[in-house]
Amino acid sequence: MDVDDEIIKPKADEEKDRKPIVVILVGAPGSGKSTFCDQVMRVSTRPWVRVCQDTIGNGKAGTKAQCLAISSASLKDKKSILIDRCNLDKEQRADFIKLKDSYLADVHAVVLDLPAKLCISRSVKRTGHEGNLQGGKAAAVVNRMLQKKELPKLNEGFTRITFCQNEKDVQEAINAYGALSSSDVLPSGIFGEKKTDTKVQLGIMKFLKRVDAPIKVTSDEKIPEPSNETIKDNRHVNEGQEQSGNHPLDGVPTLAFPSISTADFQFNIEKASEIIVETVEEFVKKIGNGRLVLVDISHGSKILSLVKSKAAIKKIDSTKFITFVGDITKLRSGGGLHCNVIANAANWRLKPGGGGVNAAIYDAAGPDLDIATKKKAGSLVPGNAITVSLPSTSPLYSKQGVTHIIHVLGPNMNPKRPNCLKDDYNIGCKVLREAYSSLFENFASIVRTQEKSSDHEFSNCDKKARKEDGACVNEKNKKLKGFTDVPESNNLCSVDAKQNAASSGKTGGSLNKDWGSWAQAIYRIAMNPDKHRNDVVEILDDVVVLNDIYPKAQKHLLVVARAEGLDRLADVTQEHLPILRTMHDVGMKWAHSFLQENQSLVFRLGYHSVPSMRQLHLHVISQDFNSKHLKNKKHWNSFNSPFFRDSVDVIQEITEEGKPTLNDDEKFISMELRCNRCRSAHPNIPRLKSHITICKSPFPANLLQNNRLLQKTPDKDGNAC
DNA sequence: GTTCTAGAAC
DNA sequence: GTTCTAGAAC
């Protein structure tokens with residue numbers, strides 16, 4: 001279609017009164033921009049020129065410069081213009097807005113903000129599109145464009161902005177513009193935004209700590225009935241932020257997360273929204289002063305409205321959780337919402353690209369994110385999340401204040417993607433719940449770390465002030481009693497007490513330690529193995545081997561030293577190197593024999609920094625941790641934190657330094673529960689246990705070094721060795 | 001080390 | 001009401 005054909009000739013007597021209007025249409029492909037223009041021009045008595053980049057090049061792709069040239073020429077002739085291109089970001093719109101200065105025009109925006117799904121389906125179905133955007137590629141293009149969408153604001157230079165979220169809104173806008181005669185003027189301001197529900201709005205303002213800031217409703221038009229739609233709230237908030245120029249959440253740990261698995265992985269949104277709300281409800285109490293924001297890029301997002309209504313029913317604290325419409329990679333610059341942590345709906349290979357949130361976040365973060373991620377893990381299992389610290393060189397860090405990305409992988413319900421669960425929502429819901437739990441637990445861990453670091457001086461109080469501050473000392477002693485058996489009356493801190501006890505014995509610290517009778521079972525067996533034939537599996541001169549009576553994994557042996565006065569790792573010196581080597585060799589022999597029976601097992605050999613049972617014993621334990629006896633955090637962390645000292649390292653340290661390092665700080669036992677393979681965090685033991693049964697990630701690099709793990713490594717003949 | 005259990009958390 | 005944790009007793 002020739003541009004000139006679209007001009008509607010004005011009546012001569014109206015010519016001199018006319019102030020031209022530049023209507024900048026804003027909308028994705030398929031949002032109905034061309035239809036809007038056609039319909040306005042069909043009914044309007046005002047002379048309009050449609051400036052369409054798709055047609056301006058006469059068959060070739062048009063340019064923005066051509067559009068600007070036609071626009072200028074039309075305005076010069078006092079013709080109003082409809083800019084029919086996507087204009088989805090501020091930059092794209094800027095040059096057209098500038099035209100108002102040269103031609104004394106009013107500049108309006110009409111935002112065709114229809115659901116992405118509708119735009120996509122229209123784009124996919126249509127044939128003969130002027131811009132050749134149709135068929136399968138349209139979906140990807142529309143999605144990509146919508147990710148970069150920036151809604152227009154008055155301060156860009158518009159005198160009027162009309163938002164249309166549905167067909168009815170669009171028709172009203174067509175009627176408004178179609179009815180304009182040459183001299184008519186439409187009122188200025190923002191239109192199509194509905195007055196928000198007061199409670200909801202207050203909730204969001206409370207969330208943003210701006211309770212005292214009144215909400216300015218620019219529109220002077222009739223305001224429709226209150227709506228529950230989140231998007232309206234956000235627009236107001238966004239505008240307020242832009243004007244104030246500050247970021248009210250700076251300093252408050254905030255996690256922005258997308259809905260997991262509901263887009264590409266086609267998870268049922270009704271079920272997903274329920275899981276989101278339930279896990280949010282669970283975690284808002286666990287994240288200290290942290291906050292959660294569910295983000296979706298599209299206005300009218302179904303998942304957001306479902307979550308929002310469910311969260312309202314459950315009365316979830318709106319100062320802790322909100323839904324937000326916006327680009328997750330531009331929350332601070334685009335929405336005034338500073339989120340220091342953002343979640344990425346990752347793919348299992350943790351690779352950049354692929355579209356959606358993953359592509360957007362990797363794009364925004366630059367190559368730093370990929371490098372940092374690769375260092376941390378090579379893959380992710382559904383239901384897991386992993387935290388990656390973002391280097392300060394990343395634009396996402398410098399521009400948006402994002403310090404951490406948490407990659408999270410949900411279940412797949414899309415038969416066109418690998419490992420589809422084929423509508424098995426029993427597993428799907430479980431995995432999705434795990435994914436959110438793991439995500440929030442990772443975030444809680446970041447919050448705790450931040451709290452600790454900001455609290456550092458206070459936490460160190462006992463170093464200088466413990467002698468003056470009895471409460472501080474007693475509290476610490478109480479906490480450490482289980483490890484050191486320090487009497488309550490001892491007014492030294494635990495470390496001092498331990499050193500005191502360790503140095504006062506004649507042949508080792510253990511002589512001063514009161515081992516309970518229950519704690520002496522291994523000692524008794526080691527000293528008299530013949531009396532405990534049923535308990536031991538091997539008796540040698542220097543060591544005895546027994547099955548742990550409460551095994552914490554499929555295979556869990558204890559190799560016990562038979563030397564007197566060698567109660568624990570703290571007693572070990574260079575003179576014990578031979579017995580330590582013997583213990584190691586015997587443990588390896590048993591691990592190898594277990595591997596012959598079951599090649600899927602992986603073994604680790606090591607000591608507890610502070611054992612509960614008397615007599616130095618080496619744990620030989622398979623890394624499945626599949627045991628009903630593994631019940632609490634201490635059980636887990638005693639084998640999966642630095643509290644567990646690998647036999648190889650102990651031997652090396654004694655050889656080189658004369659004594660082993662003891663990681664006996666209480667913090668190791670109280671550490672968060674993290675998977676021993678993928679290092680994802682889990683809120684409690686049952687969740688962790690259900691996770692480790694399915695986690696197939698490789699072990700972390702540090703465990704794969706220095707022969708810390710014993711596992712099947714096929715030789716040239718394919719046999720395990 | 002475990003078991004028991006109160007009470008916190010859900 | 002049920003699940004989970006953590007402290008005391010052994």
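Chain letters run A, B, ... following the sequence lines, proteins first, then strands; residues in each count from 1. Given the structure is predicted, the values throughout are model-derived calculations rather than measurements.
- Look at CG on A/Leu688: it is 12 Å from P on C/dC4, rounded to the nearest Å.
- Between A/Phe440 and A/Phe257, the ring center distance clears the sub-6.0 Å criterion.
- Residue-level contact check: A/Ile549 touches neither bases nor backbone, having no heavy atom under 4.0 Å from any strand.
- Using a cut-off of 4.0 Å between Lys/Arg side-chain N and Asp/Glu carboxylate O, A/Arg614 and A/Asp567 are scored as salt-bridged.
- For an aromatic pair to be called close, the ring centres must be under 6.0 Å apart, and A/His619 with A/Tyr607 fails this.
- Salt bridge A/Arg645/A/Glu653: present, at least one basic N to carboxylate O contact under 4.0 Å.
- Look at A/His629 and you won't find any side-chain N or O under 4.0 angstrom from OP1 or OP2 of B/dG1.
- What separates CG of A/Leu630 from P of B/dT2 is a distance of 9 Å, to the nearest Å.
- Classification of the A/Phe643-A/His608 ring pair by plane angle, with boundaries at 30° and 60°, yields tilted.
- In this structure, A/Trp518 forms an aromatic stack with the base of B/dG1, since both conditions hold: centre separation below 5.5 Å and plane angle below 30°.
- Closest approach to the A/Asn684 side chain among C/dT5, B/dT2, B/dC10 is made by C/dT5 (side chain taken as heavy atoms from C-beta onward).
- Distance A/Met613 CE to B/dT2 C1': 10 Å, rounded to the nearest Å.
- OP1 and OP2 of B/dG1 both lie 4.0 Å or more from every side-chain N or O belonging to A/His635.
- With rounding to whole Å, A/Lys689 atom NZ is found 15 Å from C/dT3 atom P.
- If you measure from atom CG of A/Leu673 to atom P of C/dT5, you get 7 Å, rounded to the nearest angstrom.
- We find that NZ of A/Lys634 is positioned 13 Å from P of C/dA6, with the value rounded to whole Å.
- Between the CZ atom of A/Arg614 and the P atom of C/dC10 there is a distance of 21 Å, rounded to whole Å.
- The A/Glu282 side chain lies nearest to B/dC10 when the options are B/dG1, C/dC4, B/dC10.
- Rounded to whole Å, atom P of B/dG1 lies 7 Å from atom CZ of A/Phe643.
- Across all strands shown, A/His608 has heavy atoms under 4.0 Å from sugar-phosphate atoms exclusively, and none from any base.
- Backbone-only contact: A/Lys631 has heavy atoms under 4.0 Å from sugar-phosphate atoms and none from a base.
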